[in-house]
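To keep things clear, I will list the structure first and then write my remarks on it.
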Amino acid sequence: MRVERRRLRRLDGFRIGHCLPADGRAETECLIWNHNEQGALLEFTAATQRFDTFRLRCTELGIDAPCRVVWQDGREWGVEYVEPSE
């Protein structure tokens, strides 16, 4: 069981998102389980090569934000939104 560390409540997502790695690798699809204005919980269909920073996009949820991976547990990643200069 995970310890809850979030300061803000997350909203259900359950939508397909697109990760565009900052290093120019190919776009990768993910499932956005939940999100808020600070970050999101993502799940990938297979073991994905990790990238530390990327842009997450999901039109249905209104997400288009640069992200940084905070934690990774198998196919699940916790990410936080960052300012473009970080």
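Nothing here was measured: the structure is a model prediction, and the numbers come from that model. Here, residue 1 is the first one in the sequence, and each next residue gets the next number.
Nearest heavy-atom pair across Arg25 and Arg50 is NH2-O, 3.4 Å. When all heavy atoms of Pro66 and Glu83 are compared, the pair lying nearest together is CG-C, 4.4 Å. Taking each heavy atom of Thr45 and Arg75 in turn, the nearest pair found is O-NH1, 3.3 Å. When all heavy atoms of Trp71 and Glu76 are compared, the pair lying nearest together is CZ3-O, 3.7 Å.
Both Val70 and Trp33 are part of a single hydrophobic cluster, where members link through side-chain heavy atoms under 4.5 Å apart. Cluster annotation: Val69 and Ile32 are assigned to the same hydrophobic cluster (Ile/Leu/Val/Met/Phe/Trp/Tyr, side-chain heavy-atom contacts under 4.5 Å, transitive).
Rounded to the nearest 0.5 angstrom, Thr59 OG1 and Leu61 CG are separated by 9.0 Å. In this structure, OG1 on Thr28 lies 11.0 Å from CG on Leu42, to the nearest 0.5 angstrom. The CZ atom of Phe14 sits 12.0 Å away from the CD atom of Glu60 when rounded to the nearest 0.5 Å. Expressed to the nearest 0.5 Å, how far OH of Tyr81 lies from NE2 of His35 amounts to 6.5 Å. Of the inter-residue distances, the one linking Leu56 atom CG with Arg68 atom CZ reads 15.0 Å to the nearest 0.5 angstrom. Distance check: Cys19 SG to Glu29 CD gives 9.5 Å after rounding to the nearest 0.5 Å.
Looking only at side-chain heavy atoms (C-beta outward), Gln38 and Glu80 stay at 4.5 Å or farther from each other. Contact check for Ile63 versus Arg57: no side-chain heavy atoms found under the 4.5 Å cut-off.
Using the six-membered ring where Trp is involved, Phe51 and Phe44 have ring planes that are perpendicular, over 60° apart on the 30 and 60° scheme.
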